[in-house]
There are 2 protein chains.
Amino acid sequence: MSDQGISGEAGKPRPSARERAYEWICTAILSGVFSEGQFLDEAALAREVNTSRTPVREALHRLQAERFVELVPRRGAQVRVVNATEMREVYQARFVIESDAMVRICERRLGSPPESGELLEAMEAAGRDRNWNELAQLDQAFHSSIVRHRGNAVLSEMYDAMRPRQVRLSVRTITEVPERLPTIEHEHRRLKAALDAHDGELSVSVLDTHLREVPELVRAFG
Amino acid sequence: MSDQGISGEAGKPRPSARERAYEWICTAILSGVFSEGQFLDEAALAREVNTSRTPVREALHRLQAERFVELVPRRGAQVRVVNATEMREVYQARFVIESDAMVRICERRLGSPPESGELLEAMEAAGRDRNWNELAQLDQAFHSSIVRHRGNAVLSEMYDAMRPRQVRLSVRTITEVPERLPTIEHEHRRLKAALDAHDGELSVSVLDTHLREVPELVRAFG
DNA sequence: TGTCGACGACATGTATACACGGTGCATCCA
DNA sequence: TGGATGCACCGTGTATACATGTCGTCGACA
């Protein structure tokens, strides 16, 4: 998840214990193994990943930075509960960053990101298979690719930092309201088309519609 | 720095070792005790803060999340070098978030943040005392208060995450070009005035001027 | 004289032991 | 019977020992 932060790519000689712990916990939270608000037991996690508490603790700190968990002093790591207010704020923040990206992309006539086409196809495939988890990840990847296409690493990083919160909600939303899927796919195609047409205003207005829906659903379902 | 992340306020029973380590390293980096690119010795830091390596390591991980340092595998924590490209990106990102905040504030006719007045006064005092470090912190606090006034915690958090990078550059800039100080103060007052006048367009245009200067200086001084 | 390779010092990554504080339950008192 | 209090268990916070990989140095060889 994210890009491990630093050390770039290069051949991965061997995943460190910390890395394994991070991946394991990350996946577990996203796939709902732990319920929201639950406290995680460091020792139990260490056994699960087959390592000691130290790497687990370090992984938990990283997960805190990415807002997966909350570290309560003397109590431990609590799976973060994302309430409706925060989700609205996340969607506002997404709109701020993503609309700016689209405007700049259109100003510079860059067109849609090169990978956007295959991402859309992959999403449609995932939708047909009703693989909601995969779908949510791809949705995030699609939007993230747009922000990255703008060419500002700082903004991209910020945008991607919201990923955990978004993916968790996306899965819930699409699971509860799968009939919205065609609409979502249509909007994605419109977004891509607007970028290819270098039409900043249009793309922002489509994005506005697109991002407005989810918070409304959140409100509807609590 | 930042807000310790989680546990909110409440009486602080005693700063943990990790917290002390974090504060110490943070201050050291901002005040230039360590040079950019330098590797930090965990054991030495532990001796300095009078604790063991474990809390120091955890502090370093947090500092990595906040982009103070870069954790190179098997090499340790390296004080991050912020290059010109990244600084330009930071200022673009600031503009994106801060201009949105100003527009929303004006739309809702909220006026300038209540604390902005005294922050400006404090900045002028710090400027008279030629206390550049303090000045840079206050400058950051002023802009941060505007973003916070918009009322979106996610955006505020993102904005504040850029703090280390900004403060380091601000100190350098104002130290090298102190004659720009009156201009900066004047622009701050204009920003506050524009917000109080609920004039979104004006505030954004002033902000644009204000944020455009620093990257130019960066380019000039390398 | 320059380059390659082995060795040693040292710093990080990991494991584990101990200290401290919190939580929950049982017990006691009103 | 309800609530306060003390104690025991348990989990995190910290310290420290050990394992492992990296860098620099020194010497041998071409």
Side-chain angles (χ1 to χ4, degrees), chain A residues 4-26 28-29 33-35 37-65 68-80, chain B residues 4-26 28-29 33-35 37-65 68-80:
Chain A
Q4 135 72 333
I6 299 303
S7 67
E9 43 292 324
K12 39 196 74 163
R14 175 188 331 190
S16 69
R18 172 177 44 222
E19 196 59 24
R20 283 183 290 129
Y22 172 81
E23 293 291 347
W24 195 93
I25 303 170
C26 203
I29 292 178
V33 172
F34 304 122
S35 50
Q38 179 176 350
F39 278 95
L40 306 180
D41 185 322
E42 294 178 356
L45 293 173
R47 278 192 301 277
E48 202 72 48
V49 188
N50 205 38
T51 181
S52 76
R53 274 179 56 217
T54 310
V56 169
R57 281 178 66 82
E58 301 192 338
L60 288 174
H61 281 282
R62 180 169 162 200
L63 289 163
Q64 176 188 37
F68 270 99
V69 302
E70 189 152 342
L71 257 39
V72 184
R74 288 275 164 203
R75 292 291 310 280
Q78 184 178 32
V79 178
R80 203 132 184 284
Chain B
Q4 134 72 334
I6 299 302
S7 66
E9 44 290 327
K12 39 196 76 165
R14 174 192 328 191
S16 69
R18 171 175 50 224
E19 196 60 24
R20 282 183 290 130
Y22 172 80
E23 293 292 348
W24 195 92
I25 303 170
C26 203
I29 292 178
V33 172
F34 303 122
S35 49
Q38 178 176 349
F39 278 95
L40 306 181
D41 185 322
E42 294 177 358
L45 293 172
R47 276 192 301 276
E48 202 70 49
V49 188
N50 204 39
T51 179
S52 75
R53 273 179 56 217
T54 310
V56 170
R57 280 179 68 82
E58 301 193 339
L60 288 173
H61 280 282
R62 180 170 162 199
L63 289 163
Q64 175 188 37
F68 270 98
V69 303
E70 190 152 340
L71 255 41
V72 185
R74 287 276 161 204
R75 295 292 309 283
Q78 183 178 32
V79 178
R80 203 133 185 285

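Throughout, a chain's letter reflects where its sequence line sits, starting with A, and its residues are numbered from 1.
- A:Phe39 has its CZ atom 11 Å from the C1' atom of D:dT12, to the nearest Å.
- The base of D:dT16 sits with one of its N or O atoms less than 3.5 Å from a complementary donor or acceptor on the side chain of B:Thr54.
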Atom pairs and distances, donor-acceptor, side-chain atoms in residues 71-79 of chain B, under 3.5 Å, two or more places apart:
residue	atom	partner	partner atom	Å
B:Gln78	NE2	B:Gly37	O	3.0

Between the protein and nucleotides 22-24 of chain D, list every N/O to N/O distance that falls short of 3.5 Å.
residue	atom	partner	partner atom	Å
D:dC23	OP1	B:Arg75	NH1	3.4

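- Every residue meeting the side-chain hydrogen bond (donor to acceptor under 3.5 Å, both in side chains) condition with B:Gln38, not counting sequence neighbours, appears here in chain and number order: B:Ser35.
- Within 4.0 Å (heavy atoms only), A:Leu60 reaches no atom of the nucleic acid at all.
- For the pair B:Arg20 CZ and D:dG13 P, the computed distance is 14 Å after rounding to whole Å.
- An OP1 or OP2 oxygen of C:dT12 is reached within less than 4.0 angstrom by no side-chain nitrogen or oxygen of B:Arg57.
- Of the residues in residues 42-53 of chain B, those placing a heavy atom less than 4.0 Å from an atom of DNA chain D are B:Thr51, B:Ser52, B:Arg53, in numerical order.
- Checked against side-chain hydrogen bond (donor to acceptor under 3.5 Å, both in side chains), B:Arg20 has no partners two or more places apart in sequence or in another chain.
- Within the structure, salt bridge (charged side-chain N to carboxylate O under 4.0 Å, His left out) contacts touching residues 44-54 of chain A (residues at least two apart or in different chains) are A:Glu42-A:Arg53.
- Considering OH of B:Tyr22 and NE2 of B:His61, their distance stands at 14.5 Å, rounded to 0.5 Å.
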